[in-house]
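Structure first, commentary second.
Computed from a prediction, not measured in an experiment: that's the story for all the values here.
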Amino acid sequence: MSGKRVSPPDPARSLALLWGSHTKPGRSGLTVRAIIDAAIDLADSGGLEALSMRLVAERLKVGTMSLYTHVPGKSELTDLMFDTVYADLYADVDEPGRQPGGWRGALEFIARRNWGVLTSHPWLHDVPAGRMALGPNITLKYEAELRPLDGLGLTDVEMDSTLSLVLTHVLGTARAGAEQIRTQQESGLSDQEWWLNTAPVLERYMASLADRFPVAGRVGTSAGEQYQATVDPAHALTFGLTRILDGTALLIAERE
């Protein structure tokens with residue numbers, strides 16, 4: 001085990017970068033925004049783990065040291081990437097609140113927009129979002145997503161918890177979808193092809209174990225035939241979101 005201690009990321013440095021100018025060019029003409037865009041492109045195609053400052057520099061056709069004059073390292077770059085992919089989530093801060101269906105329609109809209117970002121950028125699942133530095137786009141996102149819940153009788157903590165419940169559900173189902181796609185790519189089989197190959201074997205085993213696992217056998221077979229896979233993330237998103245919103249409606253009714 002190495003005795004070398006790794007210095008933790010400096011949140012003040014990340015915040016200064018996040019809230020600073022991304023379009024002002026340096027002496028070489030390079031901008032922070034160009035670095036972020038190149039990094040996002042690389043992460044979209046190869047994942048966050050494979051991303052490096054060297055690869056970003058190669059993509060931009062500059063020396064690696066040129067990057068460090070703009071962005072201190074990969075940790076700060078990841079903060080910038082995370083904030084940037086949410087820049088166009090909403091047309092403006094009140095777009096969720098303008099959706100038909102009141103607060104419920106707004107939360108459905110919020111869920112779908114977040115789902116879109118997470119499925120477009122699967123590397124987001126590898127970012128420890130709990131301690132990410134709060135940049136301008138993430139802060140605006142939080143404001144936009146809370147506004148439809150304001151004035152319904154919920155406490156501030158209940159508003160935050162309701163939004164967190166929705167976003168956590170979206171994150172979980174999007175992560176399942178990303179894993180599903182990765183498995184398909186690695187195996188060379190679509191879910192339907194895998195199911196057609198696997199289902200007869202599973203049915204044989206489940207038939208022989210019907211006395212031990214009657215409910216699991218029945219339900220698992222029904223779900224597999226419905227999804228033609230072991231899981232359907234899009235169905236899980238809609239089903240879970242509906243149940244969450246139903247529960248939220250009860251809470252709001254209690255407050256009234």
task: Look only at the side chain of H121 and the backbone of I40, and say whether a donor-acceptor pair between them is shorter than 3.5 Å.
output: no
message: When you measure from the side chain of E158 to the backbone of L154, do you find a donor-acceptor pair of N or O atoms at a distance under 3.5 Å?
response: no
query: Can you tell me how far CG of L149 sits from CG of D160, rounded to the nearest 0.5 angstrom?
result: 10.0 Å
task: Nearest 0.5 Å please: distance from the CG atom of L124 over to the OG1 atom of T78.
output: 10.5 Å
field: Beyond-backbone contact of F239 with T173, side-chain heavy atoms, under 4.5 angstrom
entry: no
- prompt: So, do S120 and D44 sit near enough that their side-chain heavy atoms are less than 4.5 Å apart?
  reply: no
message: Main chain of S66, side chain of T69: is a donor-acceptor contact present, judged purely on distance under 3.5 Å?
response: yes
Heavy-atom donor-acceptor pair, E143 side chain to T139 backbone, under 3.5 Å: no
message: Please find the pair of heavy atoms, one from E76 and one from S14, that lie closest to each other, and give the distance.
response: CG-OG, 3.5 Å
Residues 105-118, side-chain donor-acceptor partners within the protein, below 3.5 Å, at least two apart:
unit_1	atom_1	unit_2	atom_2	d
R112	NH2	T238	OG1	2.9
R113	NH1	L89	O	2.5
N114	OD1	K141	NZ	3.1
N114	ND2	I110	O	2.8
N114	ND2	E145	OE2	3.0

Donor-acceptor pairs are to be reported for all side-chain atoms of residues 50-65 against protein atoms at under 3.5 Å, with residues two or more places apart or in another chain.
unit_1	atom_1	unit_2	atom_2	d
S52	OG	L55	N	3.1
R54	NH1	E58	OE2	2.7

message: For the backbone of N137 and the side chain of D83, can you confirm whether one donor and one acceptor N or O come within less than 3.5 Å of each other?
response: yes
message: More than 12 heavy atoms of other residues, nucleotides or ligands under 6.0 Å from CG of D92: yes or no?
response: yes
Y68 OH to H70 NE2 distance, which is reported to the nearest 0.5 Å: 13.5 Å
query: Is the closest side-chain heavy-atom distance between T242 and R104 below 4.5 Å?
result: yes
- prompt: Side chains of L134 and Y142: does their closest heavy-atom pair fall under 4.5 Å?
  reply: no
Pairwise side-chain contact, P136 with L18, heavy-atom cut-off 4.5 Å (strictly under): yes
- prompt: Under a 4.5 Å cut-off applied to non-hydrogen side-chain atoms, are L77 and M81 in contact?
  reply: yes
ILVMFWY cluster membership beyond L140 - transitive side-chain contacts under 4.5 angstrom: V93
message: Rounded at 0.5 Å granularity, tell me how far CG in L250 sits from CG in L245.
response: 11.5 Å
query: Measuring from L152:CG to T248:OG1, what's the distance to the nearest 0.5 Å?
result: 10.0 Å
message: What's the separation between atom CD1 in I138 and atom CZ in F82, rounded to the nearest 0.5 Å?
response: 4.5 Å
- prompt: Where is the tightest heavy-atom contact between P233 and A176, given as atom of each residue plus distance?
  reply: CG-C, 4.1 Å
field: Salt-bridge contact D150-R147 (side-chain N to carboxylate O under 4.0 Å)
entry: no
message: Within the structure provided, determine whether L17 and H22 are in side-chain contact (heavy-atom separation under 4.5 Å).
response: no
Sidechain N-carboxylate O distance under 4.0 Å for R33, D37: yes
- prompt: Just by modelled atom types, is the P96 backbone N or O under 3.5 Å from a matching donor or acceptor in the Q99 side chain?
  reply: no
